[in-house]
There are 2 protein chains.
Amino acid sequence: MTDTLSLTTHDHIDAEYALRENPHDHKAELRLWLRLLTCTNLMEAEIRKRLRERFDTTLPRFDLMAQLYRAEDGMLLGELSQRMMVSNGNVTGLVDRLVQEGLIERQVTETDRRAARVRMTARGRSVFSEMAEAHGDWISEMLGGLSEGDQEHLWSRLGELKTSVRGALAEQKNQRRRPK
Amino acid sequence: MTDTLSLTTHDHIDAEYALRENPHDHKAELRLWLRLLTCTNLMEAEIRKRLRERFDTTLPRFDLMAQLYRAEDGMLLGELSQRMMVSNGNVTGLVDRLVQEGLIERQVTETDRRAARVRMTARGRSVFSEMAEAHGDWISEMLGGLSEGDQEHLWSRLGELKTSVRGALAEQKNQRRRPK
DNA sequence: GTTGAAAATTTTAAGTTTAAAGCATTTACT
DNA sequence: AGTAAATGCTTTAAACTTAAAATTTTCAAC
């Protein structure tokens with residue numbers, strides 16, 4: 001009847017766990033980064049799961065459709081990959097599969113034959129709007145424990161974070177351009 | 001010499017971009033979620049890139065080693081997958097590759113022959129500690145635009161967010177157990 | 001008009017990731 | 001002991017992802 005050596009508390013195990021046990025180890029920045037990562041991963045995993053269970057689709061497909069949904073005239077693949085922050089080749093495959101499912105369609109561009117423009121089909125639009133509503137509800141559900149004020153606050157602090165990161169990346173790029 | 005129809009501002013294009021143009025469209029929760037995602041993706045992409053450029057390795061491998069680094073006695077694969085928040089099968093493959101590289105090693109467990117325990121090799125430990133230092137510097141660099149107070153603040157708000165999400169997931173699980 | 005660079009996309013090869021099924025071992029209950 | 005469930009991991013098939021090379025087309029500068 002004795003306890004085993006396994007974990008007996010109700011603590012959740014995640015990327016932050018190790019740091020919790022070695023509080024002196026690293027900087028505050030690392031803690032922040034790991035927590036950011038944990039939050040994102042938690043939510044993403046749940047969204048993935050629900051998209052599969054209830055709509056038999058995947059997050060990347062949903063993301064692509066979300067980008068396309070508001071673009072009446074469709075979008076170029078390059079624009080899609082930029083907004084989705086994924087590689088060009090990645091988008092090519094996703095588009096192929098969504099075309100296969102009849103949710104989006106390719107259209108030839110007569111002005112520039114290199115470019116590939118895609119847009120939603122009527123069915124895609126209808127399917128997506130249903131998914132988007134559920135998706136919105138899920139997010140609300142998960143963030144429901146925060147007051148509106150907290151959410152607003154978090155949003156603007158994350159805005160600063162985003163600025164800081166973008167600044168660091170631009171900085172680094174400049175350093176390389178003139179190494180003197 | 002006239003401008004084309006392409007983007008001429010210095011705005012960055014990302015997942016938040018569409019919402020910025022349709023401010024009435026969705027709820028504040030969605031904005032928050034997208035910004036969270038954007039921040040994480042930005043940082044992750046940069047870390048991935050630098051890990052490849054400077055250490056010729058990948059983020060998943062780094063993450064696995066980070067979990068293992070502090071565990072003197074090694075860890076079970078299941079524990080690894082739990083902490084990394086990825087599937088079991090995923091860990092199997094990563095471990096195989098890291099063993100191949102000589103950075104970690106499997107050891108047989110005599111008490112439970114189902115279990116697979118892995119630990120770092122001496123070389124792995126030395127390689128990782130170098131990477132970890134650089135990694136810490138990168139994080140600091142990217143978060144450097146935030147004051148220490150802002151970072152602390154953000155960290156605790158994200159703690160609330162994490163609690164909210166975990167609460168919602170547990171809630172949902174309970175609902176299913178007794179649907180009445 | 002040629003030519004060379006740039007742009008937009010696709011292809012390729014390797015790796016990551018997942019869910020689901022399968023296998024081996026242990027545990028719990030009789 | 002004997003059996004059923006649970007546990008720990010691996011395998012499988014499909015999808016996702018990337019970086020780098022290749023392809024096609026456009027553009028700019030002679």
Side-chain angles (χ1 to χ4, degrees), chain A residues 1-7 41 44-65 74-101 106-118, chain B residues 1-2 4 6-7 41 44-65 74-101 106-118:
Chain A
M1 232 17 124
T2 62
D3 275 334
T4 67
L5 290 176
S6 66
L7 299 162
N41 287 344
E44 232 185 60
E46 183 68 15
I47 293 168
R48 247 177 240 282
K49 186 176 138 207
R50 295 189 185 186
L51 279 176
R52 181 174 34 78
E53 285 175 354
R54 304 198 195 172
F55 296 105
D56 192 28
T57 192
T58 65
L59 186 51
R61 290 174 203 207
F62 177 84
D63 285 344
L64 194 152
M65 288 201 278
M75 286 171 74
L76 299 184
L77 292 211
E79 202 178 348
L80 267 177
S81 87
Q82 204 176 358
R83 291 200 188 197
M84 294 176 70
M85 298 204 253
V86 299
S87 67
N88 276 344
N90 192 349
V91 170
T92 298
L94 286 172
V95 163
D96 288 347
R97 275 166 234 126
L98 284 169
V99 167
Q100 193 84 32
E101 297 185 59
R106 283 172 186 272
Q107 44 184 178
V108 275
T109 315
E110 57 293 322
T111 61
D112 184 345
R113 275 180 306 178
R114 291 169 304 183
R117 183 173 287 274
V118 287
Chain B
M1 232 14 122
T2 63
T4 67
S6 64
L7 300 161
N41 287 344
E44 233 185 58
E46 184 66 16
I47 293 168
R48 247 177 240 282
K49 187 176 138 208
R50 296 190 184 184
L51 279 176
R52 182 175 34 79
E53 285 174 355
R54 304 199 196 170
F55 296 105
D56 191 30
T57 191
T58 65
L59 186 52
R61 291 172 202 208
F62 177 83
D63 285 344
L64 194 152
M65 288 202 278
M75 285 171 74
L76 299 183
L77 294 210
E79 204 178 346
L80 268 176
S81 86
Q82 204 176 358
R83 291 200 188 196
M84 295 175 70
M85 298 204 252
V86 300
S87 68
N88 276 344
N90 193 346
V91 170
T92 297
L94 286 172
V95 163
D96 288 347
R97 275 166 235 126
L98 285 169
V99 167
Q100 195 83 32
E101 297 185 57
R106 284 173 186 268
Q107 45 182 180
V108 277
T109 314
E110 56 295 321
T111 63
D112 184 344
R113 277 179 304 178
R114 291 169 305 184
R117 183 172 287 274
V118 287

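To find a chain, count down the sequence lines: A is the first, B the second, and so on, and within it residues start at 1. The model shown is predicted, which means the values in this text are computed figures rather than measured ones.
- Within the 4.0 Å cut-off from OP1 or OP2 of C:dA7, not a single side-chain nitrogen or oxygen of A:Arg113 is found.
- Which of D:dT10, D:dT18, D:dG8 sits closest to the side chain of B:Ala115 comes down to D:dG8.
- For B:Arg52, the listed nucleotide lying nearest its side chain is D:dA20; candidates were D:dT11, D:dA20, D:dT17.
- Taking for each of A:Gly89 and B:Asp112 the nucleotide of DNA chain C with the nearest heavy atom, the 5'-most of the two is the partner of A:Gly89.
- Considering all non-hydrogen atoms of both residues, B:Pro60 and B:Leu94 come closest at CB-CD2, 3.8 Å.
- Regarding A:Glu101, its CD atom lies at a distance of 15 Å from the P atom of D:dA14, rounded to whole Å.
- The residue among A:Leu76 and A:Arg48 whose nearest nucleotide of DNA chain C is located toward the 5' end is A:Leu76.
- Using a distance-only test at 3.5 Å, with no hydrogens or angles considered, a donor-acceptor pair links the side chain of B:Arg117 to the main chain of B:Gly74.
- Nearest to the side-chain atoms of B:Pro60 among the listed nucleotides C:dT26, D:dT17, C:dT17 stands C:dT17.
- Taking the side chain as every heavy atom from C-beta outward, B:Thr58 and B:Arg52 never approach each other to under 4.5 Å.
- When each of B:Gly93 and A:Glu110 is assigned the nucleotide of DNA chain D with its nearest heavy atom, B:Gly93 is the one assigned upstream, toward the 5' end.
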Original post:
Taking it one step at a time, do A:Leu77 and A:Asn88 satisfy side chain to side chain contact (heavy atoms under 4.5 Å, CB included)?
Top reply: CA-CA 7 Å; A:Leu77 292 211; A:Asn88 276 344; 6.0 Å; no
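- Distances were taken from every side-chain heavy atom of B:Thr92 (C-beta onward) to each of D:dC9, D:dC16, C:dT9; the shortest belongs to D:dC9.
- Between the side chain of B:Arg114 and the base of D:dT7, a donor-acceptor pair under 3.5 Å is found.
- When the P atom of C:dT9 is taken as reference, atom CZ of A:Arg117 falls 9 Å away, rounded to whole Å.
- No contact: A:Thr57 has no heavy atom under 4.0 Å from any strand.
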